[in-house]
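Accompanying notes for the structure given below.
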Amino acid sequence: MMWAIFPIFASIFYCVGSYIQNYLTDTALPKKRAGSLAVMHIISFAVSLLILFAVFGRAVMVIPLDHALGLILAGIINVIGAVYYYKAIQKGDNIDIVVFGQVAPLISIGLGVFLLGEIITVNQALGFLFMIGASALVVFGNQTKSEKQKPNFGVAIITIIYCFFSVLSDIVYAMFISEGPATIISFAQGFFYFQLGSLLAALLGFIMFPTWRHAVRTTFFTGKKHKLHFAAELADNLMLLGGEILYKFGLVIAPVVSLVSPIGRVASLFSNFIITLCFGRVFPKFIRAKRFTRRMILNYIVAAILIVVGIVMMN
């Protein structure tokens, strides 16, 4: 049960970062330049590699070659997914992405069974349904009249592609992490090569796409607000790094890797709720706050009960 804490706390970092990302895509970047935000995460990739090497030395690199290559591949897939994520938040509303993003747990379990040979018990399946029910209650039960509009199918396709690459990255990561009990050094080794793959992919995107380079230069290094944008991007890097560390550690110690995704996705809904409720009025540029009605709060309470039951059954 304790492993569930990691994806839950990771969701908080991810959600804070997502608000910063929304701000940057809405105000800073020109249209169709969303990939340049993905390459700006070079900062967090490089810093994490340096820190891991400084703390653990060469021991952080001592793993079998096939494991290293597999983890590097997971990092590359992760950056591909990030590009689609930035395209989605640039083209669609938050509510669209939250709704369409609920396919991630289904993709996760499907790939977990297909690639890892996982066996999902009846209790785990019922627990999963409880958690999906909680997500549906929060997403659809809290829609206002203005939000009840036809879905944006273009954003839906992009979001589903992002979810596929994101989950595939997690599955590949889980396939190549060190076998045996989870330790700090085994986590550090896996995370080192995952970040190395992410760094290589981001650098390749930076080199291959001149429009991304131009967007990075004009957004973060020139212009009237470049200092604000750069500070926001540094904060986004920090949030991403914190979320990745917690989430990847959860993948290392989770008894069934596909269980991490549903918990993380549902936890993100509640993180969004709490962050919006607490900070929406203070940082209106980063967080588009809305008024929470009694019905919305009741929906969150009921959903919380469903999630607790679901987690217990899935364990």
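Residue numbers count from 1 along this sequence.
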(request) Identify the heavy atoms of F206 and V39 that sit nearest to each other, and give their distance. (result) N-CG1, 3.9 Å

(request) Using salt bridge (Lys or Arg N to Asp or Glu O under 4.0 Å) as the criterion, list what pairs up with E233, not counting sequence neighbours. (result) none

(request) Taking the side chain as every heavy atom from C-beta outward, state whether D236 and H41 have any pair of such atoms under 4.5 Å apart. (result) yes

(message) Measuring from atom CD1 of I158 to atom SG of C163, what distance do you get when rounded to the nearest 0.5 angstrom?
(response) 12.0 Å

(request) Measure the shortest side-chain to side-chain distance between Y85 and T159 over non-hydrogen atoms and say whether it is less than 4.5 angstrom. (result) no

(message) Ring-plane angle category for F191 and F187, please: parallel below 30°, perpendicular beyond 60°, tilted otherwise.
(response) parallel

(request) Check G243 against A10 and note the closest heavy-atom contact, atom names and distance. (result) O-CB, 3.4 Å

(request) Measure the shortest side-chain to side-chain distance between L71 and I63 over non-hydrogen atoms and say whether it is less than 4.5 angstrom. (result) yes

(request) Find out if a path of hydrophobic residues (ILVMFWY) with successive side-chain heavy-atom gaps under 4.5 Å connects V55 to I185. (result) yes

(request) Spell out, as yes or no, whether a donor-acceptor pair under 3.5 Å connects the side chain of T219 to the backbone of H226. (result) no

(message) If we ignore hydrogens and angles and just use 3.5 Å, is the side chain of T218 paired with the main-chain N or O of H214 as donor and acceptor?
(response) yes

(request) Using the rule that two of Ile, Leu, Val, Met, Phe, Trp, Tyr join whenever any of their side-chain heavy atoms come within less than 4.5 Å, decide whether L199 and M208 are in one cluster. (result) yes

(message) Which heavy atom of N78 sits nearest to which heavy atom of S198, and what is that distance?
(response) ND2-OG, 3.7 Å

(message) Less than 4.5 Å apart, side chain to side chain, heavy atoms only: is that true for V62 and F56?
(response) no

(request) State yes or no: do L69 and L73 share one hydrophobic cluster built from I, L, V, M, F, W and Y residues joined by side-chain heavy-atom distances below 4.5 Å, directly or via other members? (result) no

(request) Report the C-alpha separation of L204 and I76 in whole Å, then their side-chain angles, then the decisive distance to 0.1 Å, and conclude whether the side chain to side chain contact (heavy atoms under 4.5 Å, CB included) test is met. (result) CA-CA 10 Å; L204 184 62; I76 293 172; over 6 Å; no

(request) Apply the test side chain to side chain contact (heavy atoms under 4.5 Å, CB included) to residues L241 and N237: give CA-CA distance (whole Å), side-chain angles for both, the deciding distance (0.1 Å), then the verdict. (result) CA-CA 6 Å; L241 183 58; N237 269 261; over 6 Å; no

(message) Starting from I207, can I reach I42 by hopping between I/L/V/M/F/W/Y residues whose side chains sit under 4.5 Å apart?
(response) no

(message) Could you tell me if the side chain of V83 sits less than 4.5 Å from the side chain of W212, heavy atoms only?
(response) yes

(request) Classify the angle between the aromatic ring planes of F230 and F221 as parallel (below 30°), tilted (30 to 60°) or perpendicular (above 60°). (result) tilted

(message) Run F45 and E244 through side chain to side chain contact (heavy atoms under 4.5 Å, CB included) and show every step you take.
(response) CA-CA 11 Å; F45 301 147; E244 286 287 86; over 6 Å; no

(message) Tell me whether Y247 shares a hydrophobic cluster with I184, the cluster being built from Ile, Leu, Val, Met, Phe, Trp, Tyr side chains joined at under 4.5 Å.
(response) yes

(request) Could you tell me the separation between the CD atom of Q21 and the CG atom of L37, rounded to the nearest 0.5 Å? (result) 7.0 Å

(request) State, to 0.1 Å, how close A188 and V60 come at their nearest heavy-atom pair, and which atoms those are. (result) O-CG2, 3.5 Å

(message) Strictly distance-based, threshold 3.5 Å: is any side-chain N or O of S44 a donor or acceptor partner for the main-chain N or O of L238?
(response) no

(message) Minimum heavy-atom separation for F165 and I77, please, with both atom names.
(response) O-CG2, 3.2 Å

(message) If I take atom CZ from residue F220 and atom NZ from residue K227, how far apart are they, to the nearest 0.5 angstrom?
(response) 16.0 Å

(request) Using modelled atom types only, decide if a donor and an acceptor are shared between the side chain of Y193 and the backbone of M61 within a distance under 3.5 Å. (result) yes

(request) Could you pull out the closest heavy-atom pair between S169 and A74, with the gap in Å? (result) OG-O, 2.8 Å

(message) What's the separation between atom CD1 in I80 and atom OG in S166, rounded to the nearest 0.5 Å?
(response) 12.0 Å

(request) Scan residues 45-58 for pairs that pass side-chain hydrogen bond (donor to acceptor under 3.5 Å, both in side chains), counting only residues two or more places apart or in two chains. (result) S48-Q195

(request) With rounding to the nearest 0.5 Å, note down the distance linking CE in M175 to CD1 in I171. (result) 8.5 Å

(message) So if I apply the ring pair (Phe, Tyr, Trp, His ring centres under 6.0 Å) rule between F194 and each of Y173, F249, F176, which one comes out positive?
(response) Y173

(message) Nearest 0.5 Å, please: how far is CG in L246 from CD1 in I12?
(response) 9.0 Å

(request) State, yes or no, whether a side-chain contact exists between F53 and L49 at a heavy-atom distance under 4.5 Å. (result) no

